Number of protein chains: 2
Amino acid sequence: MKISIFVVDDHYMVTEGIRSLLQNEKILDWMGHATNAASCLSFLKLHEPDVILMDVNLPDKSGIDLCKEVKQLYPSLAILGLSTFNQQAIIKNMMDNGALGYVLKNATKEELLEAINTVIKGKVYYSFEVLSAMRKPEPNQLLITRREKEVLLLIAEGLTNAEISEKLFISIPTVNTHRKSLLEKFEVKNTAMLIGKASKLGLI
Amino acid sequence: MKISIFVVDDHYMVTEGIRSLLQNEKILDWMGHATNAASCLSFLKLHEPDVILMDVNLPDKSGIDLCKEVKQLYPSLAILGLSTFNQQAIIKNMMDNGALGYVLKNATKEELLEAINTVIKGKVYYSFEVLSAMRKPEPNQLLITRREKEVLLLIAEGLTNAEISEKLFISIPTVNTHRKSLLEKFEVKNTAMLIGKASKLGLI
DNA sequence: GACGTAATCATTAAAAAAGATGATTTTTTA
DNA sequence: TAAAAAATCATCTTTTTTAATGATTACGTC
């Protein structure tokens, strides 16, 4: 039986590249592509692919959110995360929200086929490069708590401690505590570095 | 006479997508692709394509630097910038360094062909979306001066005013002045927002 | 139900950044 | 070369952040 594939990516060159790579595989059935989350969801109301290749960055919502939604609506569907970024935070987030695997956009045809064949069986697939990135003993960015992340986002928006404390209904010293934890966990020494690093990691 | 095309992009899916899009165009001659700046330069020692499609983000050096180098070595070569990002700062930078046009990775086949046919004649090409982005009266990010940019980078690295003043051999008040200009030009109210915005714009 | 972590708040002090104004000297550029 | 823009420095004030310590409460997990 054929494996049906659907791709969600806003870059036409990428979807076309994938189509071109996979078109001669007799085991695969190309169902088309969507360029945003909304049209992906519409498509899924009418069709049911076996595997979705899903970009992490979409114009209307993040691939991570879309992944979550799709997985709730169609739990049996296998989702493969797709991105140019090889970053623990993003990858982990994607996997936590239901993706079964993760491949980079510089993956070879062989990697892509292996990924598809792996997730279709319900197993987890990471490409080689992703694995080696995951192994790196990166700082503790992933360990930041819910509250710390809220504070981080507000800092990035330019709010001062006083403003944050108002917005979150907590005291200024508390905001300060979170702020200090963030500096520690990110291993940086001030706000500028914090935002820089968080930005690089795609957290803001 | 055929137009020979060469692509520099580290994402295999993208180069494959472009190849697939262009393969049936009789007027074009596909010369292959490189996945990094170094192999692009090696290739150019042996061959001379008419047009290069060049990604802005390469693993070994930025497309902007590569663009500059290639243009110095082979002035007659037409370079088309290629990126997922539609940002004035990057686009302007690329064009200033010798690119003749700029297309996004979600460009259609028609756009791509038009871009190639335009730059081969020595004319400038912007895709529709790029043009509309350029028209937007974005802040004054592009107008930051050399010195301001230096200061910006050091701020992003986490240096304090005192440290920056030492590094650049200027007084602390001067650093402060630059810092304040940066806040103004970026239309932000503190360091956190500054770094966030600069990061989004790909300046750091 | 004990334990660890997260989240909360407090106090005090030092360091750094931001805001306001003004002024001089280079550099660029029209 | 004259005007405009950039880079430099100064003073002073206010706001904000960072640091150092300590402590209580809430919550989920084993």
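First the proteins, then the strands, lettered A, B, ... as listed; each starts at 1. Since this is a predicted model, take the numbers as computed values, not measurements.
- When the ring pair (Phe, Tyr, Trp, His ring centres under 6.0 Å) test is applied to Phe43(B), the partners found at least two apart in sequence or on another chain are Phe6(B), His47(B).
- Of the possible polar contacts, one joining the Tyr74(B) side chain to the Leu44(B) backbone as a donor-acceptor pair under 3.5 Å is found.
- In this structure, Phe186(A) atom CZ and dT18(D) atom P are separated by 14 Å, rounded to whole Å.
- For the side-chain contact (heavy atoms from CB on, under 4.5 Å) test, residues two or more places apart in sequence or in another chain that qualify with Thr174(B) are Ile170(B), Ser171(B), His178(B).
- In this structure, CG of Asn176(A) is placed 15 Å from P of dT21(D), rounded to the nearest angstrom.
- Residue pairs that meet the side chain to side chain donor-acceptor pair (under 3.5 Å) test with at least one member in residues 5-14 of chain B, sequence neighbours left out, are Asp9(B)-Lys105(B).
- Side chain of Lys197(B) to backbone of Ala192(B): no donor-acceptor contact under 3.5 angstrom is found.
- The nearest whole Å value for the distance from the CG atom in Leu183(B) to the P atom in dG19(C) is 7 Å.
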Which protein N or O atoms sit under 3.5 Å from an N or O of nucleotides 24-28 of chain D?
none

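- For Glu184(A) and dT18(D), the CD to P distance is 13 Å, given to the nearest whole Å.
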Which nucleotides of nucleotides 8-16 of chain D have their base under 4.0 Å from a protein heavy atom (B), which only their sugar-phosphate (S), and which neither (-), written as one string 5' to 3'? BBBB----S
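- Protein atom CG of Leu182(A) is 13 Å distant from nucleotide atom C1' of dT18(D), rounded to whole Å.
- For the salt bridge (charged side-chain N to carboxylate O under 4.0 Å, His left out) test, no residue two or more places apart in sequence or in another chain qualifies with Lys2(B).
- Residues satisfying the salt bridge (charged side-chain N to carboxylate O under 4.0 Å, His left out) test with Glu114(A), not counting sequence neighbours, are none.
- Two end axes, each from the C1' atoms of five base pairs, can be drawn for the helix from dG1(C)-dC30(D) to dA30(C)-dT1(D); they diverge by 70°, to 10 degrees.
- The distance between atom NZ of Lys189(A) and atom P of dA20(D), rounded to the nearest whole Å, is 14 Å.
- A sub-4.0 Å separation between OP1 or OP2 of dA6(D) and a side-chain N or O of Ser181(B) is absent.
- Distance, Leu159(B) CG to dA16(C) P: 12 Å, rounded to whole Å.
- Qualifying salt bridge (charged side-chain N to carboxylate O under 4.0 Å, His left out) partners for Glu111(A), counting only residues two or more places apart in sequence or in other chains: none.
- Of the residues in residues 149-157 of chain A, none has a non-hydrogen atom less than 4.0 angstrom from any atom of DNA chain D.
- By the 6.0 Å contact criterion, NZ on Lys68(A) is open, its count of non-hydrogen atoms from other residues, nucleotides or ligands being 12 or less.
- Annotation: salt bridge (charged side-chain N to carboxylate O under 4.0 Å, His left out) contacts involving residues 150-170 of chain A, sequence neighbours excluded, comprise Arg147(A)-Glu150(A), Glu163(A)-Lys189(B).
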Distances under 3.5 Å only, N/O to N/O: pair up the protein atoms with those of nucleotides 28-30 of chain C.
none

